[in-house]
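Predicted model, so just to flag it, every value in this text is computed and none were measured. Remember, it's 1-based here, ligands and their atoms both numbered in the order they're listed.
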Amino acid sequence: AKDNGKNNYQFFTPVMNTSSYERLTIENKLRRALEREEFILYYQPQVNVVTGRIIGAEALVRWQNPEIGLVPPDMFISLAEENGMIVPIGEWVLREACRQNSLWQRQGGTPISVAVNLSAMQFHQKNLTTLVARVLEETELQPCWLELEITETGIMKNAEAITTLNALKQMGIKLSIDDFGTGYSSLSHLKKFPLDKLKIDKSFVHDVTTNQDDTAIVSAIIGMARSLNLQVIAEGVETREQRDFLAANGCCEMQGYLFSKPVPAREFEHFVTTGEYR
Ligand code: C2E
Ligand code: CA
Ligand code: CA
Ligand code: CA
């Protein structure tokens, strides 16, 4: 019991603030989740508020366990990152998202891009570009319809990052920085990376119309994106006031509950069919 106690911190995630026994049980369940096909993807529309069109879908993983229920990613991603399981889980997510988007396109819907979250550990896998190339080939999705979301810390930590990013970029995949503004990144670094898009973190969007600091930060990010020739999208848009502020300041691409919460593929289909989010 003592020995177990020593290593308990490894298994700690917010939801599992319980006994080490329970944590281990959850870890064991998570280990079997892939083979038992317990993961599912939800999709949240990314929209352009000027054209009224849907431009993309962010794939967000959920874990559907018969005993625990529907587990949100915040409850198991950090555990999966600590024990390395994020690598096979992330590979499943990538393949499933590409498969789904390819299917939507073959069904004749409006072509949209699918955005997949990559955790730092996946990003640092030696064979990442090979894997991505293989998945695109298998699923017959054109690279331009895949977007990878990486965090600032994910790329800043690693010296090889630029090589990996260049290889992905060369393949024609879009690269965006998730949670922009929350991590550590030097602007000179940012300029060196072959990025396509900055995603303004929802923590800045939340009070953007009421908090002067957030107003300034969001305006600065939009201005910076423009001068670095990057696209910009805001996440966590919940109110019309936030939408209007962002649009008036030059950020027309958005994602958030105001448009739709993340939904299962079946429910997402009407967005693809109509090409509109309203
Ligand atoms: P994220 O990548 O920043 O994703 C955005 C999160 O904000 C999602 O939570 C989404 O449901 C939520 N959200 C969307 N619109 C709104 C809104 O208007 N207001 C608010 N308050 N929240 C909104 P979700 O799906 O629970 O995912 C949480 C985090 O888990 C993600 O944050 C991402 O870091 C991670 N995650 C999800 N799927 C994956 C995955 O396949 N791989 C990896 N590595 N991480 C994932
Ligand atoms: Ca994301
Ligand atoms: Ca985010
Ligand atoms: Ca986040």
Side-chain angles (χ1 to χ4, degrees), residues 13-15 30 33-34 38-47 49 56-64 70-101 113-125 128 131-132 135 146-155 174-183 196-209 218 221 232-243 246 253-265 267-268 277:
T13 63
V15 73
L30 189 60
L34 259 182
E38 292 175 354
F39 293 110
I40 42 169
L41 292 186
Y42 275 41
Y43 297 89
Q44 187 178 36
Q46 301 179 325
V47 308
V49 299
E58 179 175 5
L60 295 154
V61 70
R62 272 97 183 90
W63 174 23
Q64 177 75 71
L70 191 68
V71 190
D74 286 339
M75 310 284 197
F76 65 89
I77 291 286
S78 57
L79 175 65
E81 278 168 345
E82 282 159 27
N83 66 19
M85 273 172 45
I86 192 64
V87 174
I89 295 173
E91 179 173 338
W92 178 85
V93 169
L94 175 70
R95 185 171 281 109
E96 176 61 15
C98 291
R99 187 197 63 77
Q100 182 60 255
N101 197 24
S113 58
V114 69
V116 172
N117 292 284
L118 273 198
S119 77
M121 189 184 279
Q122 282 177 279
F123 185 70
H124 299 154
Q125 294 285 302
L128 175 70
L131 170 71
V132 173
V135 167
L146 173 63
E147 189 171 305
L148 296 175
E149 294 193 358
I150 312 151
T151 60
E152 292 164 80
T153 19
I155 57 172
K174 299 222 203 78
L175 301 169
S176 74
I177 298 291
D178 203 358
D179 302 342
F180 189 76
T182 61
D196 296 288
K197 201 185 269 192
L198 301 182
K199 194 165 191 182
I200 306 173
D201 190 66
K202 56 180 177 300
S203 61
F204 303 120
V205 173
H206 193 260
D207 296 321
V208 72
T209 59
V218 169
I221 295 176
V232 63
I233 183 167
E235 68 173 11
V237 179
E238 296 178 353
T239 68
R240 283 172 295 177
E241 289 74 20
Q242 292 164 348
R243 176 197 63 194
L246 289 160
E253 297 191 357
M254 303 178 200
Q255 186 181 338
Y257 298 156
L258 178 64
F259 313 103
S260 169
K261 63 188 197 311
V263 294
E267 273 176 63
F268 193 88
Y277 60 86

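Across all their heavy atoms, V237 and A234 have their closest contact at CG2-O, 4.0 Å. Pairing each heavy atom of Y257 with each of E238, the nearest pair is CD1-OE2, 3.7 Å.
Heavy-atom proximity to D179, at under 4.0 Å, picks out these atoms of ligand 1: 3 (O). Counting atoms of ligand 1 from 1 in the listed order, those under 4.0 Å from a heavy atom of S119 are 44 (N). Taking every heavy atom of Q44 and a limit of under 4.0 angstrom, the matching atoms of ligand 1 come to 14 (C), 15 (N). Of all the atoms in ligand 1, the ones that sit under 4.0 Å from a non-hydrogen atom of V93 are 41 (O). Each of the atoms 24 (P), 25 (O), 26 (O), 27 (O), 28 (C), 30 (O), 36 (N), 37 (C) of ligand 1 lies under 4.0 Å from some heavy atom of P73. Residue P262 has at least one heavy-atom neighbour below 4.0 Å for each of these atoms of ligand 1: 11 (O). Set against the non-hydrogen atoms of E238, the atoms of ligand 1 under 4.0 Å away are 17 (C), 18 (O), 19 (N), 20 (C), 21 (N).
In terms of modelled atom types and a separation under 3.5 Å, the side chain of E58 and the main chain of Q46 share no donor-acceptor contact. The backbone N or O of S176 sits nowhere less than 3.5 Å from a side-chain atom of D196 that would complete a donor-acceptor pair. Without hydrogens or angle criteria, E235 side chain to G256 main chain gives no donor-acceptor distance under 3.5 Å. Listed for the E96 side chain is no donor-acceptor partner under 3.5 Å among the backbone atoms of V93. Remark: the backbone N or O of S119 is paired with a side-chain donor or acceptor of Q122 at under 3.5 angstrom. Remark: side-chain polar atoms of Q44 are paired, donor with acceptor, to backbone N or O of S260 under 3.5 angstrom.
By the 4.0 Å heavy-atom criterion, E81 is excluded from the residues contacting ligand 1. Put simply, no part of G90 is less than 4.0 Å from ligand 1, judged by heavy atoms. Heavy-atom separations between E58 and ligand 1 include at least one value shorter than 4.0 Å.
The aromatic rings of F259 and Y277 sit perpendicular to each other, their planes meeting at more than 60°, with 30° as the lower class boundary. Aromatic ring pairs are classed by plane angle as parallel below 30°, tilted from 30° to 60° and perpendicular above 60°; the pair W63 and F76 is perpendicular.
At a cut-off of 3.5 Å, with distance as the only test, no side-chain donor of Q255 or K202 sits close to an acceptor on the other residue. At a cut-off of 3.5 Å, with distance as the only test, no side-chain donor of E38 or Q64 sits close to an acceptor on the other residue.
The residue H206 has no part lying near ligand 1, judged by heavy-atom distances below 4.0 Å. When heavy-atom distances to ligand 1 are checked against a 4.0 Å cut-off, V237 comes that close only through its backbone atoms N, CA, C and O. Neither the backbone nor the side chain of K261 comes within contact range of ligand 1; no heavy atom lies under 4.0 Å. When non-hydrogen atoms are compared, ligand 1 lies under 4.0 Å from the side chain of K202 (C-beta onward) but not from its backbone.
Backbone or side-chain N, O or S atoms of D201 do not reach the Ca ion (ligand 3) at under 3.0 Å. Among the atoms of E58, an N, O or S atom is found under 3.0 Å from the Ca ion (ligand 2). Within the 3.0 Å limit, D178 places at least one N, O or S atom next to the Ca ion (ligand 2).
Between the Ca ion (ligand 3) and the N, O or S atoms of E235, the shortest distance is to OE1. Checked against the Ca ion (ligand 2), the N, O or S atom of E149 at the shortest distance is OE1. For D179, the N, O or S atom closest to the Ca ion (ligand 3) goes by the atom name OD1.
For Y257, a nitrogen or oxygen atom sits less than 3.5 Å from a nitrogen or oxygen atom of ligand 1, counting backbone and side chain alike.
Sparse packing is recorded around NE2 of H206, with 12 or fewer heavy atoms of other residues, nucleotides or ligands lying under 6.0 Å away.
Among D74, V61, T239, the residue whose heavy atom sits closest to atom 29 (C) of ligand 1 is D74.
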